[in-house]
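Remember, it's a predicted structure, so these values are computed and weren't measured experimentally. We name chains A, B, ... by the order of the sequence lines, and we start the count at 1 in each one.
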Number of protein chains: 2
Amino acid sequence: MSIARVHNLAVSLDGFGSGAHPSRDAPFGHAGTRLMDWFLPTPTFQAQTGARERVPVDPAAEADDRYARRSFEGVGAEIMGAGKFGPPGWQRDPAWRGWWGEEPPFHSPVFVLTGSPRGDLSVGDTTFHFLAAPPREALARAFDAAQGLDVRIGGGPSTVRRFLAEGLVDLLHVVVVPILLGRGSHLWHGLEGWERDYAVAAETTPSGVTHLTFTRAAQESARSSGA
Amino acid sequence: MSIARVHNLAVSLDGFGSGAHPSRDAPFGHAGTRLMDWFLPTPTFQAQTGARERVPVDPAAEADDRYARRSFEGVGAEIMGAGKFGPPGWQRDPAWRGWWGEEPPFHSPVFVLTGSPRGDLSVGDTTFHFLAAPPREALARAFDAAQGLDVRIGGGPSTVRRFLAEGLVDLLHVVVVPILLGRGSHLWHGLEGWERDYAVAAETTPSGVTHLTFTRAAQESARSSGA
């Protein structure tokens, strides 16, 4: 049974998944890299950046990497919000091809939710499809494209929140970073009691973050519920 | 050097330290005991309730108890908000003597911040003093009463938030419970960047909660800053 998964979504202690005022120069807004500091030293991220030489890996990052790499296992398609694909206004720039250079780390179809769709865009071995579709419809499209593998809801926080609110996420891995961002895009608004149908596992790693993994019983997966 | 400390303050993943609509029948409002489930099985809480017989302690509660009991070590006075002393409206009930029966677990002077002060109240070996004072002034009073020991800021969340906002807390122990309360009294509002002057340690325990301990350098303690 293929499922819908969220991985590596870092949130501050006050619930913000990215900072205020994201821009081309500051993709995470005033948060800078503070939500990502646990992720950047992991072998998974280092490999994503295409580092050719072997980067020495801090042993302290090993525990974080066990989580980081799951995001890339068994995933056949990704859904992302417009705010992940580019800075505010990228829709008006026909030359914008995403943040990831010529070798995006997706290696599978990506569905970008945007009110201003455009034609498909292939970069490296990734094809970006642009959709103006509600979450459930986008998820059905992504499951079809994933060919039996899972679908990753890739973010940002407001996109994940919409999928959570509609009960469309089977596995949610969030990383609680003990900082107070104060403003930005909030993950948890409007989700009172959301955790009820999920089992949760918690682990703190040497980097000081807490990995929380919420898992829903497979028989109630987003796909079987009609997505 | 005596310091101002907060212990055992449980918050939901979305930052609420107690639920909405607290009342005499539901001191934590719609949260019920969900923020306390890690604490109730600890020997520290069991002893507080004055259980005469030995209660069998779940070994899983041992890790939580290491944190729970620190709240009672080296403390010479407590400050609490009106909302911790009683349900909304207790100020109009001259017979209200707190939630804790005839043996309150404080064993030291308690300063209750309220806009409607009354005369001192002694219950068991605890004396409650009622103060209409801003945080810094209340803290100075409590330090004097603590006779060289530390002062505990006992809650609730809105009271702790006021002390945090004024830089009056030297040690903050919060317990992140992986639930989404959605509404209630929020701990983190208005505290962007508060963590900057603190070192933080994180530990997840078998109960599934995460203990975060923020510690400020002693030389900048709330007391030396003029409290």
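- With a 4.5 Å cut-off on non-hydrogen atoms, B:Arg196 does not touch chain A at all.
- In this structure, the portion of B:Val176 lying under 4.5 Å from any heavy atom of chain A is its side chain and not its backbone.
- The nearest pair of heavy atoms linking B:Ala202 to A:Gly208 is CB-O, 3.7 Å.
- With a 4.5 Å cut-off on non-hydrogen atoms, B:His30 touches chain A through its side chain but not through its backbone.
- Using a 4.5 Å cut-off between heavy atoms, B:Leu191 contacts chain A through both its backbone and its side chain.
- For chain A, the nearby parts of B:Leu13 are the backbone and the side chain; heavy atoms of each come within less than 4.5 Å.
- With B:Pro178 as reference, A:Val200 is the one residue of A:Thr213, A:Val200, A:Thr210 to meet the side chain to side chain contact (heavy atoms under 4.5 Å, CB included) rule.
- Using a 4.5 Å cut-off between heavy atoms, B:Phe214 touches chain A through its side chain atoms alone.
- Heavy-atom pairs under 4.5 Å with chain B were tallied for A:Val11, A:Ile179, A:Asp14; the largest tally goes to A:Ile179.
- Taking a 6.0 Å sphere around CZ of B:Arg24, one finds it holds 12 or fewer heavy atoms contributed by other residues, nucleotides or ligands.
- Other residues, nucleotides and ligands contribute more than 12 heavy atoms inside 6.0 Å of the CZ atom of A:Arg161.
- With rounding to the nearest 0.5 Å, the separation of NE2 in B:His211 from OG1 in A:Thr204 is 9.5 Å.
- Across A:Glu195 and B:Leu180, no two heavy atoms sit closer than the pair OE1-N, 3.1 Å.
- Options A:Val209, A:Leu181, A:Leu187 differ in how many heavy-atom pairs under 4.5 Å they form with chain B, and the most are formed by A:Leu181.
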